[in-house]
Engineer: 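Just passing along the structure, written as structure tokens.
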Amino acid sequence: MIRDERNAAGFQWLLLFSVFVVATCGLIYELVAGTLASYLLGDSVTQFSTIIGTYLFAMGIGSYLSRFLKDNLLGWFISIELMVGMVGGFSAGVLFILFEQVVYFRIILYALVVLTGTLVGLELPLLMRILKDRVEFSDLVSRIFTFDYIGALFASLLFPLIFIPYLGLLRTSFFFGFLNVGVAWIVAYRFRHDLRGYRSLRWSAIVCLVLLAAGFALSEHLTRLSESLTYPDKIVYAKSSPYQRIVLTRGGNDWRLFLNGNLQFSSLDEYRYHEALIHPGLSRVHHPQNILVLGGGDGMAVREILKYPSVRKITLVDLDNSITTLFKSNEALMKLNQRSLMSPAVTVVNQDAFVWIREQKNTYDFITIDFPDPSNYSLGKLYTTTFYRELRRLLAPGGCLVIQSTSPFVARKSFWIVDETLRKTGFATLPYHCYVPSFGEWGFVMGFQGELPEDYTLPAGLRFISAATLPPLYSFPPDMDRVASEANTLNNQVLVNTFEKEWADYTR
């Protein structure tokens, strides 16, 4: 009698532990799909929203379909666990490899989300039916949902803090696929005498475990394979930070940095971009001493600023310490930025600029903003009236700021939205543009309070900006000239929506 009670209790706790694993793995697959979609497709809010909605809908389909599974419920549960482990475990690797190879990538992405969600949706109803004759209904519901929610909390906390920074997307997927299959194998072994087809389930679990373990071990090779298909030049550095995928390539003398697949610079012409970002504004500031750089963790903008002998202090704020560490330690990259990040005048701060500036009391003679384009809402907040009001508070009298503002040719309205947003926060503006071969026409907006001096003093040794090349930068041809625009606010984020549409229309 006591032994039977112990067996019954062991049965319950094993299946409740399975609930915990099912909930944890299910949410992880959802987060992996959303993160991967935002990495590859941009616009993280839209991608996460649609992925989560589709996943939950698919779980509903799975819950409904569970009613049609009548016999051998434990066998069905184990089989579904095996399928979830394989589909969820291999999904990230499959999507990475197919991204650049297929036209209808979104169809494959959402098909995998639907398949995974449907399989996960089958699991909890099956477990409840398996346990219903062994646990009183009220206890059953409370225990099932308690373990389900604890598993969800576990996944949501550890995914951004542990798994992505230390394992990356592919290894995280394989690891949790391994967990799913491991649970299936343990349950099958524990109830081997009561299962029909135990031998085939056991061998299926072993094969799945071997495949997932191999995938985990080879995940870096799979990542390199997918990236070798994406980037034409040799990949010399690749890393997933908590914020983005960093890839550095080299083709001959051309070093290129990509963040989440988007080109950040080419060493052959980056000087055009960075000279245009810094010198039209900084050369107009009388005796600049205290400088703020937001973004620009590669140190190229800092390199240009250090050409002004009056500069005493440069504060660089970049969210991702993986970038600033790379450009302070790689000899080839340090040659590009002329070891600027090692200068005693430079202080590097790895924080979210949106949060950091609100805590600052110092003022700066010159502020340059070199953030990535506003391709999602987390970046879009750095182009809002809220952010620019804080910058205005930090700008010293007689100072100016310059913002990289995407292409006025490709994303014409987006460019003028940035200008209008600065105007709405009380800045006078001077928009300008230049041609960078790797990017095409690129735009910048200079902001200042009061009168900006007309006279300027350029440092020696510049390769692109000169007294002759400056005046044409302020002139816009008709196809890039000002268009009616509204300001970008935290509430509307009109810039992100406009930017996504304009770039999509251009590349279609």
Side-chain angles (χ1 to χ4, degrees), residues 246-251 253-284 291-308 314 316 318 323-324 326-327 332-338 340-341 366-375 379 382-383 400-412 414-415 418-419 430-447 458-459 461-466 468-476 480 499 503:
I246 305 164
V247 175
L248 185 68
T249 69
R250 182 182 183 183
N253 293 324
D254 187 12
W255 293 78
R256 293 183 173 230
L257 176 69
F258 296 85
L259 300 181
N260 292 342
N262 299 311
L263 178 65
Q264 301 304 301
F265 72 76
S266 162
S267 63
L268 296 181
D269 57 23
E270 57 79 16
Y271 68 90
R272 278 181 162 244
Y273 172 89
H274 290 103
E275 286 188 11
L277 176 69
I278 300 303
H279 299 297
L282 187 52
S283 65
R284 295 170 183 257
I291 312 296
L292 176 61
V293 180
L294 301 176
D298 53 36
M300 310 294 189
V302 174
R303 176 194 67 201
E304 299 301 318
I305 293 167
L306 288 170
K307 294 176 180 178
Y308 292 80
I314 302 170
L316 185 147
D318 193 288
I323 292 290
T324 52
L326 175 63
F327 281 84
L333 300 178
M334 291 169 70
K335 184 177 179 182
L336 278 178
N337 65 26
Q338 296 176 7
S340 62
L341 297 182
F366 179 73
I367 302 174
T368 184
I369 300 97
D370 191 18
F371 295 135
D373 283 343
S375 58
L379 289 169
L382 301 170
Y383 291 80
C400 81
L401 61 81
V402 174
I403 303 167
Q404 90 77 15
S405 308
T406 196
S407 169
F409 178 74
V410 175
R412 181 180 178 185
S414 299
F415 175 82
V418 177
D419 180 83
L430 180 61
Y432 61 100
H433 65 99
C434 73
Y435 180 73
V436 182
S438 295
F439 297 99
E441 287 291 340
W442 211 256
F444 308 86
V445 179
M446 190 186 307
L458 293 169
L462 301 186
R463 301 169 63 188
F464 173 56
I465 296 296
S466 68
T469 59
L470 264 179
L473 303 188
Y474 306 119
S475 176
F476 286 81
M480 295 193 297
F499 176 87
W503 274 93

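By convention here, the first residue in the shown sequence is residue 1.
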Engineer: Using 0.5 Å steps for rounding, measure from the OG1 atom of T368 to the CD atom of Q404.
Structural biologist: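 Here the interatomic distance stands at 9.5 Å.
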Engineer: Rounded to the nearest 0.5 Å, what's the gap from CD on E275 to CZ on F464? Could you check?
Structural biologist: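 Between E275 CD and F464 CZ, I get 8.0 Å after rounding to 0.5 Å.
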Engineer: Would you say V402 and D370 make side-chain contact, with heavy atoms under 4.5 Å?
Structural biologist: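 Counting from C-beta outward, V402 and D370 never come under 4.5 Å.
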Engineer: Do P280 and M446 have side chains that approach each other closer than 4.5 Å (heavy atoms only, starting at C-beta)?
Structural biologist: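 Yes, close enough: below the 4.5 Å cut-off.
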Engineer: Would you call E270-R303 a salt bridge at under 4.0 Å N-O?
Structural biologist: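 Looking at E270 and R303, the cut-off is met.
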Engineer: Apply side chain to side chain contact (heavy atoms under 4.5 Å, CB included) to T406 and W442, showing your working.
Structural biologist: CA-CA 6 Å; T406 196; W442 211 256; 4.0 Å; yes
Engineer: Return the minimal non-hydrogen interatomic distance between L316 and G296, and the atom names on each side.
Structural biologist: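 That would be CD1-O, 3.2 Å.
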Engineer: Have E304 and H274 got a donor and an acceptor in their side chains that come within less than 3.5 Å?
Structural biologist: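 No, H274 and E304 have no side-chain donor paired with an acceptor closer than 3.5 Å.
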Engineer: With a 3.5 Å cut-off and no angle check, do the side chains of D269 and S438 form a donor-acceptor pair?
Structural biologist: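 Note: D269 and S438 side chains meet the donor-acceptor criterion.
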Engineer: Quick one: are H279 and Y308 in side-chain contact, heavy atoms under 4.5 Å?
Structural biologist: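 Yes. Closest side-chain heavy atoms under 4.5 Å.
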Engineer: As an exercise, state the distance from CG of L333 to CG of D298, rounded to the nearest 0.5 Å.
Structural biologist: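 Answer for the CG-CG pair, L333 versus D298, is 9.0 Å.
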Engineer: Would you check if the distance from the ring center of F415 to the ring center of F444 is below 6.0 Å?
Structural biologist: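 Judged by ring-centre distance (under 6.0 Å), F415 and F444 do not meet the cut-off.
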